[in-house]
Amino acid sequence: MENVFHVLKERGFIEQCTHEEEIEKLLGEESVSFYIGFDPTADSLHIGHFIQIMVMAHMQRHGHRPIALIGGGTTMIGDPSGRTDMRQVMTPERIAENGEKFKKIFEKFLSFEDDKAVMLNNAEWLLPLNYIDFLRDIGAHFSVNRMLAAECYKSRMEKGLTFLEFNYQLLQAYDFYVLHQQQGCKMQFGGNDQWSNIIAGVELVRRKDGKQVYGMTFSLLTTSEGVKMGKTAKGALWLDPEKTSPYEFYQYWRNVADADVKKCLALLTFLPMEEVQRLGALEGAQINQAKEILAFTVTEIIHGENAAHEAQNAARKLFAGDNGDAEIPSVDLSKAELGDGRDIVFLLEFAKLIPTRSEGRRLIQQGGVLAAGEKVTDPKAVYTASDFKDGKLVLKKGKKAFKQINLI
RNA sequence: GGGAGAAUGCCCGAGUGGCUAAAGGGGGCGGACUGUAAAUCCGUUGACGACGUCUACGAUGGUUCGAAUCCAUCUUCUCCCA
């Protein structure tokens, strides 16, 4: 079987390794147990986590054993790495709830049968810890001097870092130590922002057990301009269809910058690299084909084939100017609520295309609103039941935002 | 524990008694150009019953005809000393 290290390297996942040659050798020789930690700070995973999930999937396909670690314990502290502000302290109930949701998502991407992958929660061993014992056993191995010098705290050295957060690294290192002992875990992966935490774990295992374990980090998904990808107007690009609809999700990828197409295909899909190369090399208007494939494939992996087809059809129809079908994101408006007619601003607000009525008026004045294909020029224009063809009215805001109102 | 300073719109950041819904930048949104791209350019960016009204410059109270700007108390944060 092909060495997964080469696959990950070729696809551009790998950013830093603790011991490149040894890791390559190890992954080529035996089935390795490795772990990636996910802190349940929100009620859904987002696209940043998805990269890590892809890595686990690639690894599992090549015969290795993923340990998906849910950070029920570490989330009680909050990881300060690479952040400019302190994380909000979360209640244990919320953390547990979010953790359950994470579990369900992992089950979609990994096979947990026959111990081919395991899912654990570090709350199990972190919550019962005794402070004094922990300090003596684990804390003694850490150098504050070294920790402070680490790049990941840099921005926090200016703004302030609490002792609570400062302890995060010890806990993550301890996770690795526990997993090494209990699960024979030899590697830890993570986003590039996890580098310091991962090295800390590698060193702790070496000091405590005298064993060599390894760490590797993966590129964070950034645009060619270095901005974090996966940000939408509403915040993160979530994997949960309730939080980010498959259509929105599809559109996000359909609209990535030319320069990022190849990278996204390599990191977010399982398409063979020859295909990725070919698609990424397309130029001019042709690269739109590659973007369609990217959008469809990623949506398919996350939301399934049907949802991907629906999203694609809706997008194609809307951008082809054919507003005829029901796959467009829509809202229902009762006849009673429409009454003798409502003004355009009401309809825009009702369809959640605008946050305030002022925004709606401004938009109309700037010529950014189309109703049933006609540009709306008067903010006071009133729409009645007769304007709904077959009980439908498609509103278009700008070039890319559509919403259909169904009269019921 | 002692001392110094800061808190402004989504973010950064000017403003130190009326001309301030608050400069400038970033971001967002709309338009032009295009390929549902990037870059660029133009416009816009508190809300609402919209040439007017209301709410806003950490919180509360006060001085004043009038406060983001002055005073008092409080809260939070940063820095220096311990």
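We name chains A, B, ... by the order of the sequence lines, and we start the count at 1 in each one.
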Novice: Can you give the donor-acceptor pairs under 3.5 Å from side chains of residues 341-359 of chain A to other protein atoms, not counting sequence neighbours?
Specialist:
from   : atom 1 : to     : atom 2 : distance (Å)
A/R342 : NE     : A/E337 : O      : 2.9
A/R342 : NH2    : A/E337 : O      : 3.3
A/D343 : OD1    : A/F346 : N      : 2.9
A/D343 : OD2    : A/R357 : NH2    : 3.1
A/T356 : OG1    : A/E359 : N      : 3.1
A/E359 : OE1    : A/R362 : NH1    : 3.1

Novice: According to the side chain to side chain donor-acceptor pair (under 3.5 Å) rule, which pairs have a member within residues 45-54 of chain A, sequence neighbours left out?
Specialist: none
Novice: Give RNA chain B the dot-bracket treatment, 5' to 3': Watson-Crick (N1-N3 with N6-O4 or O6-N4) or G-U (N1-O2, O6-N3) under 3.5 Å, [ ] crossing, | other strand.
Specialist: ((((((((.[[[..)..(.....]]]((((((.......))))))(((...)))...[[[[[..)....]]]]]))))))).
Novice: Looking only at side-chain N and O atoms, does A/R362 come under 4.0 Å of OP1 or OP2 in B/G28?
Specialist: no
Novice: Give me each pair satisfying side chain to side chain donor-acceptor pair (under 3.5 Å) with a member in residues 92-107 of chain A, each pair once, sequence neighbours excluded.
Specialist: none
Novice: Under 4.0 Å, heavy atoms only, any strand: does A/R254 hit a base, just the sugar-phosphate, or nothing?
Specialist: base
Novice: Could you say whether A/S358 or A/Q251 is positioned toward the 5' end of RNA chain B, judged by the nucleotide with the nearest heavy atom to each?
Specialist: A/Q251
Novice: Side-chain N or O of A/R316 less than 4.0 angstrom from OP1 or OP2 on B/U36?
Specialist: no
Novice: Could you grab the distance from atom CG of A/L8 to atom CE of A/M54, nearest 0.5 Å is fine?
Specialist: 10.0 Å
Novice: Can you check the distance between B/A59 and B/U76, where both ends of the measurement are the C1' atom (answer in whole Å)?
Specialist: 10 Å
Novice: With a 3.5 Å cut-off and no angle check, do the side chains of A/Q188 and A/N197 form a donor-acceptor pair?
Specialist: no
Novice: Taking only residues two or more places apart in sequence or in another chain, which ones pass side-chain hydrogen bond (donor to acceptor under 3.5 Å, both in side chains) with A/K9?
Specialist: A/E20
Novice: Classify every nucleotide of nucleotides 30-35 of chain B by which part a protein heavy atom approaches to under 4.0 Å, writing B for the base, S for the sugar-phosphate alone and - for neither, in 5'-to-3' order.
Specialist: SSSBBB
Novice: Name the nucleic acid region contacted by A/T356, choosing base, sugar-phosphate or nothing; use a 4.0 angstrom heavy-atom cut-off, strictly under.
Specialist: sugar-phosphate
